[in-house]
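Indexing begins at 1, ligand by ligand and atom by atom, following the structure's order.
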Amino acid sequence: MLVEMRKDATPEEINGVVQKAKSLGLDTQLNLGTDKTVVALLGSNTGQLPTDIFALLPGVESVARIMKPYKLSSREFKPQDSVVSINGIEIGGKHIVVMAGPCAVENEEQLMKAVRAVKKGGACIVRGGAFKPRTSPFSFQGLEKAGLELLARAKEQFNMPVVTEVVDPHDVSLVSKYADILQVGSRNMQNFALLTEIGKSKHPVLLKRGFSCTVAEWLTAADYLLAEGNSQLILCERGIRTFETSARFSLDVCSIPVIKRSSHLPLIVDPSHAAGHYALVPAIAKAAIAAGADGLLIEVHPNPKEALIDGLQSLTPSDFARLMKELRPVAKSVGRYI
Ligand code: PEP
Ligand code: MN
């Protein structure tokens with residue numbers, strides 16, 4: 001931690017910072033600049049100390065942390081890439097894993113048609129929401145347990161693992177019975193009670209980025225899961241909110257190489273929620289693979305015009321099949337395969 005003193009800080013005020021650090025068992029180093037003094041605080045557990053302890057002392061201008069706020073998800077902690085294996089499908093290796101299906105499970109016919117189409121197109125994991133975190137309480141909230149049961153049927157019929165969202169910590173054990181991967185949605189990325197419960201369950205988990213969260217906040221949220229001993233963790237970039245309104249969200253392509261440098265965790269990209277429109281999905285999906293993503297999460301509906309949720313951003317089965325073909329050479333160009 002670095003404590004920057006004000007220009008007019010007195011020697012007593014500087015000493016006050018040094019004494020406070022000593023009382024907490026920290027070593028200090030003084031950098032006496034021409035204008036101001038900076039006190040470096042040295043110790044193995046400065047990360048656990050609130051910066052305000054020093055920020056509130058007289059003569060202090062600002063306090064900055066040097067260490068990253070996240071630990072277990074960092075590359076410093078684990079230099080080699082983590083690979084998550086779901087029924088033999090490895091996420092985080094050379095294989096680009098595509099998870100696809102409808103936004104929400106609506107009924108048996110819709111789900112089965114969607115799953116048949118995504119399997120034919122080359123997806124290896126099925127997505128479909130049974131519990132939907134809707135912005136409005138008046139919107140369709142999902143089929144809940146009945147939706148999970150339909151997902152179980154699809155999983156059995158098509159022999160594909162399932163990723164589905166859990167929104168309430170009390171539902172973690174229920175959803176875990178049906179889901180191969182628990183999805184934590186963007187709106188719940190910082191629902192720490194939910195993260196802790198999923199962490200304890202040790203069930204594989206897909207942690208979406210909160211749309212107003214920084215990469216550091218996202219990786220710190222990932223630490224909640226890792227701290228409970230759940231290492232079956234996949235990240236999912238899905239776009240963030242910026243001043244731009246021409247797409248539903250702004251896909252932060254930069255976060256892909258940033259995460260790859262700073263974390264060992266596998267990372268997939270959801271181009272559907274970023275785009276908000278089916279016509280934008282293919283280009284965003286290709287950009288994600290080119291930038292180093294380990295997989296994709298794509299919304300596909302057998303009849304998007306009739307979809308109860310997110311029809312505009314859903315691909316038709318034929319759009320999906322075409323996209324999968326177009327993705328193959330992109331994957332190959334970066335040394336991967338689909
Ligand atoms: C979803 O994947 O169905 C979803 C709700 O996405 P997000 O949490 O990213 O908005
Ligand atoms: Mn959706």
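- For atom 8 (O) of ligand 1, the closest non-hydrogen atom of the protein is Ser186 N, 2.8 Å.
- Counting only heavy atoms of the protein, atom 6 (O) of ligand 1 lies nearest to Lys208 NZ, 2.8 Å.
- Side chain to side chain, His301 and Glu306 fail the donor-acceptor criterion of an N or O pair below 3.5 Å.
- Protein heavy atom nearest atom 9 (O) of ligand 1, with residue, atom name and distance: Arg238 NE, 2.6 Å.
- Counting protein heavy atoms only, atom 4 (C) of ligand 1 is closest to His273 NE2, 3.4 Å.
- Here the shortest heavy-atom pairing between Ser255 and Leu267 reads O-CD2, 4.3 Å.
- In terms of polar-atom proximity, Glu165 is not counted as a contact of ligand 1, lacking any N or O under 3.5 Å from an N or O of the ligand.
- Inspection of the Gln110 and Asn107 side chains reveals no N or O donor paired with an N or O acceptor under 3.5 Å.
- Aromatic rings from Phe249 and His273 are positioned such that their centres are separated by 6.0 Å or more.
- Close approach of ligand 1 to Lys132 is summarised as follows: ligand atoms under 4.0 Å from at least one heavy atom of the residue are 1 (C), 3 (O), 5 (C).
- Not a single heavy atom of Arg209 sits closer than 4.0 Å to an atom of ligand 1.
- A donor-acceptor contact closer than 3.5 angstrom links the side chains of Ser82 and Lys78.
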